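Worksheet for the structure shown next.
Keep in mind the model is a prediction, meaning the values are calculated, not measured. Only heavy atoms go into these numbers, but all of them, side chains included; no hydrogens, no water, no symmetry mates. Letters A, B, ... are given to chains in the order of the sequence lines, protein chains preceding strands, and every chain is numbered from 1.
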There are 2 protein chains.
Amino acid sequence: MSAAKNPKNGKEAIRRENVATILQAAEAVFATKGFSGATTAEIAARAGLPKPNLHYYFRTKAALYRAVLDDILALWLDATASIMVEAEPADALRRYIDAKMTYSRKRPFASKVFANELLHGAPAVKGFLGGAMKRLVDDKAKVIEAWIAAGKLAPVDPHHLFFVLWAATQTYADFDCQIAAVLGKKKLGSGDFDRAGETVSALVLRGLGLKP
Amino acid sequence: MSAAKNPKNGKEAIRRENVATILQAAEAVFATKGFSGATTAEIAARAGLPKPNLHYYFRTKAALYRAVLDDILALWLDATASIMVEAEPADALRRYIDAKMTYSRKRPFASKVFANELLHGAPAVKGFLGGAMKRLVDDKAKVIEAWIAAGKLAPVDPHHLFFVLWAATQTYADFDCQIAAVLGKKKLGSGDFDRAGETVSALVLRGLGLKP
DNA sequence: CAACGTCTTGACCATTTGGTCAGGATAGCA
DNA sequence: TGCTATCCTGACCAAATGGTCAAGACGTTG
């Protein structure tokens with residue numbers, strides 16, 4: 001096995017590692033500073049690399065931003081896995097809320113970068129929103145409608161249900177500092193996220209006529 | 001009555017008008033570009049003034065941002081008016097949701113500026129969050145708890161209830177482009193906001209054991 | 001081991017941008 | 001009418017920042 005084919009050694013490994021390091025640093029900086037506020041110098045410093053080296057891997061700041069965003073979009077499409085006709089509604093929704101809440105706790109930077117992108121009109125992901133994401137949501141909305149038609153769920157607009165679920169879960173990542181401040185804490189702990197998940201689940205499930 | 005005391009004429013009126021125009025332009029630009037992405041040149045252009053004139057009224061970009069933010073914080077503290085012990089829970093909550101949703105529809109820029117500020121760690125409003133806002137929310141949380149104690153409401157963590165309500169209503173201002181894209185529309189119309197308000201109200205009220 | 005392609009980096013550049021300044025215009029007032 | 005305070009603005013500047021470049025280091029391969 002040549003080094004070129006073994007990802008653990010050689011230049012291929014160097015590239016892989018550096019790209020990963022840069023993406024991670026970039027996600028953090030874009031999350032806390034926004035696209036315009038982030039500087040390539042800061043990202044490079046956080047990645048522990050000289051700036052020109054960063055530009056060697058990603059020619060422009062915009063290209064780096066796109067790469068970070070692409071990573072995040074991939075995450076997005078997964079979480080809905082539990083929503084399928086065969087599943088028990090209460091179970092599926094509980095799982096979905098839990099998945100989204102976990103994502104907010106574990107990948108807050110990703111959520112923030114995405115939120116920031118949306119806030120500014122989604123210049124870089126408009127295509128995704130109206131394309132892959134719309135198709136996915138339309139699809140899952142049909143599942144909800146099927147549940148309603150089967151009398152398993154109180155009538156509700158499925159799309160708006162999703163908007164509420166996204167908002168209620170992502171708010172704990174995006175606006176964590178507000179929530180922490182109002183709760184009188186310095187930072188949110190896993191206990192807060194548990195409580196949040198329970199509250200959202202209880203509200204939504206009972207709101208849909210299901211047993212929490 | 002001297003001109004100086006009559007706000008409709010004279011230099012005082014000029015100042016008032018220019019300040020208002022600048023604040024409005026700034027709110028729009030800060031909302032769509034963020035603090036770092038906004039340029040004083042663009043704000044000035046939008047306000048129809050030369051840049052140095054803008055700096056005449058607001059010495060620095062940061063000062064202008066603070067002024068915009070202060071306007072927004074004032075709005076924030078009002079919406080909760082309907083939450084009081086004497087009120088009927090279902091009625092009060094419906095009103096609150098409606099007020100927040102209206103605010104999302106009518107003042108989307110304000111919501112976005114605030115969201116942007118929170119996303120970036122609230123450097124400029126941390127004091128407000130842990131101060132006036134925390135006190136207000138703690139106060140309103142006691143009202144919710146009183147309702148629960150009186151058996152008018154299913155048990156729920158009052159703070160997290162508020163977080164969910166904020167998220168569910170503000171998402172229609174902050175992330176409008178995502179919602180529009182998923183709904184297959186160019187822009188959200190008042191019909192969408194109506195439907196959103198109904199959905200949130202129905203979910204939350206039933207979720208709290210109330211009649212929607 | 002030599003030659004080649006990939007990676008690394010200090011120094012540098014052009015542009016953007018927040019902010020300044022000096023002097024002119026204008027409103028209010030004696 | 002003339003004096004003062006406020007308002008307006010074209011021209012300008014220093015700092016920050018995205019991006020470049022040329023030269024050197026390093027791993028890989030024939």
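For the pair B/Ile43 CD1 and C/dT17 P, the computed distance is 12 Å after rounding to whole Å. One can place CG of B/Leu54 at 13 Å from C1' of D/dT9, the figure rounded to the nearest angstrom. Put simply, CZ on B/Arg15 is 12 Å from C1' on D/dA5, counting in whole angstrom units. Rounded to whole angstrom, the span from the CG atom of A/Asn53 across to the P atom of C/dC7 amounts to 9 Å. Look at CD on A/Glu12: it is 10 Å from P on D/dT29, rounded to the nearest Å. The interatomic distance linking B/Leu49 (CG) with D/dG10 (P) rounds to 12 Å, in whole Å. A/Asn18 has its CG atom 13 Å from the C1' atom of D/dC26, to the nearest Å. To the nearest angstrom, P of D/dG27 lies 7 Å from CD1 of A/Ile14.
Taking 4.0 Å as the cut-off between side-chain N and carboxylate O, B/Asp192 and B/Arg105 do not count as a salt-bridged pair. The residues A/Glu42 and A/Arg46 are annotated as not salt-bridged, no charged nitrogen and carboxylate oxygen being separated by less than 4.0 angstrom. Electrostatic pairing of A/Asp91 and A/Arg95 counts as a salt bridge here, judged by a charged N lying under 4.0 Å from a carboxylate O. Ion pairing of B/Asp176 with B/Lys185 is absent here, as no side-chain N (NZ or NE/NH1/NH2) approaches a carboxylate O to less than 4.0 Å.
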Pairs under 3.5 Å (N/O, protein and nucleotides 19-21 of chain D):
from   : atom 1 : to      : atom 2 : distance (Å)
D/dG19 : OP2    : A/Lys61 : N      : 2.6
D/dG19 : N7     : A/Lys51 : NZ     : 3.2
D/dG19 : O6     : A/Lys51 : NZ     : 2.8

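Residue A/Tyr57 places no side-chain N or O under 4.0 Å from the OP1 or OP2 atom of C/dT6.
Two rings, from A/His159 and A/Phe162, have their centers 6.0 Å or more apart.
Side chain of B/Lys61 to backbone of B/Phe35: a donor-acceptor contact under 3.5 angstrom is found.
From one end of the helix from C/dC1-D/dG30 to C/dA30-D/dT1 to the other, with five pairs defining each end axis, the axis direction shifts by 10° (rounded to 10°).
Here A/Ala38 lies in heavy-atom contact (under 4.0 Å) with sugar-phosphate atoms only.
Note on ring orientation: taking the six-membered ring where Trp is involved, the planes of A/Trp76 and A/Phe114 are tilted (angle from 30° to 60°).
Remark: A/Lys140 NZ is packed, more than 12 non-hydrogen atoms of other residues, nucleotides or ligands lying under 6.0 Å away.
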